[in-house]
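Following: one structure in structure tokens, then a few remarks.
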There are 2 protein chains.
Amino acid sequence: MTRRPTPPLIDISACCPRGLESPLDHEAAQQLASVLKAVADPARLQLLGLIRAAGEACTCDLTGPVGLSQPTVSHHLKVLTAAGLVHREQRGQWAWFRADEERLRDLGHVFR
Amino acid sequence: MTRRPTPPLIDISACCPRGLESPLDHEAAQQLASVLKAVADPARLQLLGLIRAAGEACTCDLTGPVGLSQPTVSHHLKVLTAAGLVHREQRGQWAWFRADEERLRDLGHVFR
DNA sequence: ACGGTGTATTGACTGCTGTCAATATACCGC
DNA sequence: GCGGTATATTGACAGCAGTCAATACACCGT
């Protein structure tokens with residue numbers, strides 16, 4: 001496989017420094033929307049809540065509470081990770097996730 | 001047409017009082033996601049920015065900046081209104097919109 | 001009443017998204 | 001190495017969401 005050009009992680013406070021207080025250009029809106037889309041899903045909100053409440057959580061502890069199949073949960077965690085909202089750490093055969101508090105704060109700040 | 005049972009407007013601080021700090025049950029996650037979905041679109045983010053920056057705005061002033069057809073803009077404004085993020089007021093033949101600041105604040109507070 | 005203008009609705013189409021079963025991959029203990 | 005366990009990927013499918021052209025509706029001035 002050819003190397004992907006590195007996932008361009010969006011910097012919220014750079015792309016939308018004044019949040020929704022002033023108009024966004026096309027690109028800024030698209031970037032901000034891409035992060036919001038990651039969060040605008042019931043399963044992913046539940047996952048974020050579970051991860052945050054626990055400090056960190058392993059996939060095996062997340063599949064049960066959300067009531068979805070393992071591949072689906074894996075998919076949602078990938079989306080959250082790609083958006084930079086959670087970070088993944090491999091420990092042996094387990095994948096551990098923790099929330100990026102700063103990024104969540106930045107996201108909340110957009111609506112200020 | 002039979003009367004619709006009134007759109008059930010979701011109360012964010014009631015449904016998710018602790019935001020993402022603690023796990024959300026299925027219903028709360030679904031409700032919160034429905035509001036976030038309204039905001040997770042580039043065109044609607046631009047519209048929110050324009051409306052907020054202007055204080056209030058009429059549809060005719062919004063179609064140009066976002067670069068979409070009039071029916072599409074009308075559709076997006078309807079979605080924002082249904083989510084309670086903006087309020088619509090008819091003035092003669094013009095439709096004026098203003099943002100619901102409290103609701104935006106509540107939404108931002110979820111990520112605190 | 002009528003023509004014009006601003007907005008909403010309808011219908012149709014396309015692309016994306018969430019989901020799962022099946023399969024593959026990675027890691028561990030023995 | 002081997003079987004078992006945890007996670008990721010693939011493939012397929014249904015449903016939804018964004019878009020526009022065409023049309024309908026509402027309001028206004030004349």
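Lettering of chains follows the sequences in order, A, B, ..., and the numbering in each one begins at 1.
Side-chain N or O atoms of Q31(A) include none that pairs as donor or acceptor with a backbone N or O of A33(A) at under 3.5 Å. For T72(B) (side chain) and L68(B) (main-chain N/O), no donor-acceptor pair under 3.5 Å exists by modelled atom type.
R98(A) has no carboxylate O lying under 4.0 Å from a charged side-chain N of E89(A), or vice versa, which leaves the two without a salt bridge.
Sorted by first and then second residue, the disulfide (SG to SG under 2.5 Å) pairs with a member in residues 54-112 of chain A read C58(A)-C60(A); sequence neighbours excluded.
Side-chain proximity of K78(B) to the nucleotides dT7(C), dT9(C), dT7(D) is greatest for dT9(C). Listed candidates were dT7(C), dT7(D), dT19(C). Nearest to the side chain of A43(A) is dT19(C). In the set dG18(D), dG18(C), dT7(D), dG18(D) carries the atom at the smallest distance from any side-chain atom of D41(B). In this structure, the nucleotide among dA6(D), dG18(D), dT19(C) sitting nearest to the side chain of Q93(A) is dA6(D).
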Would you list the atom pairs, donor with acceptor, under 3.5 Å between side chains in residues 104-112 of chain B and any protein atom, with sequence neighbours excluded?
residue: H109(B); atom: ND1; partner: R112(B); partner atom: NE; Å: 3.4
residue: H109(B); atom: NE2; partner: R112(B); partner atom: NE; Å: 3.0
residue: R112(B); atom: NE; partner: H109(B); partner atom: O; Å: 3.2
residue: R112(B); atom: NH1; partner: E21(B); partner atom: OE1; Å: 3.2
residue: R112(B); atom: NH1; partner: E21(B); partner atom: OE2; Å: 3.2

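Whole-Å rounding puts the H26(A) NE2 to dT19(D) C1' distance at 12 Å. As a whole-Å value, the separation of Q30(A) CD from dG18(D) C1' is 12 Å. Spacing between atom CG of L77(B) and atom P of dG18(D) amounts to 13 Å, rounded to whole angstrom units. Rounded to a whole Å, the NE2 atom of H75(B) is 23 Å from the P atom of dG6(C). For the pair L45(B) CG and dG18(D) C1', the interatomic distance rounds to 14 Å; values are reported in whole Å. Across the protein-nucleic acid pair, L36(B) atom CG and dA17(D) atom C1' stand 16 Å apart, rounded to whole Å.
Side chain to side chain, S13(A) and D11(A) meet the donor-acceptor criterion of an N or O pair below 3.5 Å.
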Nucleotide by nucleotide, nucleotides 20-25 of chain D touches protein heavy atoms under 4.0 Å in the pattern (B base, S sugar-phosphate only, - none) BBB---
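Proximity of K37(B) to the phosphate of dT17(C): no side-chain N or O atom is located under 4.0 Å from OP1 or OP2. Considering only side-chain N and O atoms, R91(A) lies nowhere under 4.0 angstrom from the phosphate OP1 or OP2 of dC27(C).
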Carefully, step by step, assess C16(A) and L24(A) under the rule side-chain contact (heavy atoms from CB on, under 4.5 Å).
-> CA-CA 7 Å; C16(A) 317; L24(A) 282 61; 4.0 Å; yes
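Between H76(A) and Q90(A), the one whose closest nucleotide on DNA chain C sits nearer the 5' end is H76(A).
T59(B) comes within 4.0 angstrom of sugar-phosphate atoms only, judged by non-hydrogen atoms across all strands, and of no base.
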